Amino acid sequence: MQNNSNQKHVKNHWSLGLLESMNDPSSVYKETDKVVVIKDKYPKAKVHYLVLPRDNINSIYNLDKSHILLLEEFGKVFHDIQEEHSDLELKAGFHSIPSMQRMHMHIISKDMISACLKTKIHWNSFTTSFFLPYKDVLRSLKDNGHVEKISTEKHKTLMSTPLKCNQCEFVPKNMPDLKKHLLSH
DNA sequence: GTTCTAGAAC
DNA sequence: GTTCTAGAAC
């Protein structure tokens with residue numbers, strides 16, 4: 001029998017991982033009628049959650065004005081979680097081009113101190129405009145009725161942005177240097 | 001999204 | 001010689 005070698009079509013493809021986590025009680029942090037909050041499996045900071053809709057919405061580019069109420073619930077969840085972590089400064093937003101299926105909003109602390117933070121792509125996906133703040137996405141939805149995609153060129157440019165500290169003007173020479181520096185804040 | 005690892009960078 | 005980055009993964 002031929003093995004199922006075409007990975008793209010396998011049921012357990014890595015890009016479906018969030019759907020599994022939503023149904024795994026050990027991953028779920030909190031839930032409401034409309035959303036589920038899970039702990040990021042590879043947190044990139046001291047605090048790192050993902051907020052996902054129960055409805056099958058694949059990405060922010062599938063949103064229209066009918067989803068404004070849903071997005072406002074994302075905002076309430078963010079507010080609640082910030083209050084639960086009053087010792088840390090959190091931010092909420094979406095990746096312009098996510099790798100994982102099912103729309104998800106990151107709630108992440110600004111320290112960026114984590115063993116799972118390893119690559120320039122990790123860094124730039126949270127510290128450049130590749131990270132779309134929650135408030136900007138909600139505003140875009142209210143003003144334009146949709147969220148605008150970024151170009152492949154813009155994506156490439158953002159991912160190759162030189163490393164720079166997100167809390168000061170420090171320019172590290174590489175990732176290990178940056179990680180050491182972050183501990184000093 | 002991560003893992004692995006070749007070879008670039010130091 | 002070691003550290004670090006970046007591209008393939010069938």
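Note: hydrogens, waters and symmetry copies are ignored here, and every other heavy atom, side chains too, is used. All chains are named by letter (A, B, ...) in the order of the sequence lines, taking the proteins before the strands, and each is independently numbered beginning at 1. Worth saying up front: this structure is predicted, and the values here are computed from it rather than measured.
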Point to revise | Touch class at under 4.0 angstrom, heavy-atom based, for A:K41 against every strand present | key: nothing

**Study point:** Exercise: identify the closest heavy-atom pair between A:L18 and A:R102
**Key:** CD1-O, 4.2 Å

Review point. For residues A:H146 and A:E148, is any side-chain donor paired with an opposing acceptor at under 3.5 Å?
Key: yes

Point to revise | Nucleotide range of DNA chain B lying under 4.0 Å from chain A heavy atoms | key: B:dG1 to B:dT3

Point to revise | Side-chain touch A:Y49/A:I38, heavy atoms, less than 4.5 angstrom | key: no

Check your understanding: So, for A:I108 and A:A45, which heavy atoms are closest and what is the spacing to 0.1 Å?
Key -> CG1-CB, 3.5 Å

Which donor-acceptor pairs under 3.5 Å do the side chains of residues 165-174 of chain A make with protein atoms, sequence neighbours left out?
| from | atom 1 | to | atom 2 | distance (Å) |
| --- | --- | --- | --- | --- |
| A:N166 | ND2 | A:K110 | O | 2.9 |
| A:Q167 | NE2 | A:K110 | O | 3.4 |
| A:N174 | OD1 | A:D177 | N | 3.0 |

Point to revise | Stems formed with participation of DNA chain C [Watson-Crick or G-U wobble, under 3.5 Å, three or more pairs] | key: B:2-10 with C:1-9

Review point. Closest heavy-atom contact between A:L132 and A:I60?
Key: CD1-CD1, 3.7 Å

Review point. For A:K30 and A:E84, what are the C-alpha separation, side-chain angles and deciding distance, and is it a salt bridge (charged side-chain N to carboxylate O under 4.0 Å, His left out)?
Key: CA-CA 12 Å; A:K30 63 166 66 184; A:E84 291 162 14; 2.6 Å; yes

Review point. Is there a residue in residues 45-54 of chain A whose heavy atoms reach under 4.0 Å of DNA chain B, and which residues are they?
Key: none

Review point. Between residues 152-185 of chain A and DNA chain C, which residues have a heavy-atom gap below 4.0 Å?
Key: A:N174, A:M175, A:P176

Practice item. State yes or no: are the ring centers of A:H79 and A:Y134 separated by less than 6.0 Å? Key: no

Check your understanding: Are more than 12 heavy atoms from other residues, nucleotides or ligands located less than 6.0 Å from atom NZ of A:K41?
Key -> no

Review point. Any side-chain heavy atom of A:N62 sitting closer than 4.5 Å to one from A:S59?
Key: yes

Check your understanding: Looking at A:Y61, does the NZ or CZ of A:K149 lie under 6.0 angstrom from its six-membered ring centre and within 45 degrees of the ring axis?
Key -> yes

Point to revise | Close approaches to DNA chain B from residues 94-115 of chain A, in residue order (heavy atom, under 4.0 Å) | key: A:H95, A:S99, A:M100

Point to revise | A:K46 versus A:D111, closest heavy-atom pair with distance | key: N-OD1, 2.9 Å

Study note, to complete from the structure: ring pair (Phe, Tyr, Trp, His ring centres under 6.0 Å) with A:H106: of A:F126, A:F130, A:F94, only one passes, and it is A:F126

Review point. Crowded around A:L19 CG? As in, over 12 foreign heavy atoms under 6.0 Å?
Key: yes

Study note, to complete from the structure: Heavy atoms of A:L117 and A:M112 approach each other most closely as CD2-O, 3.5 Å

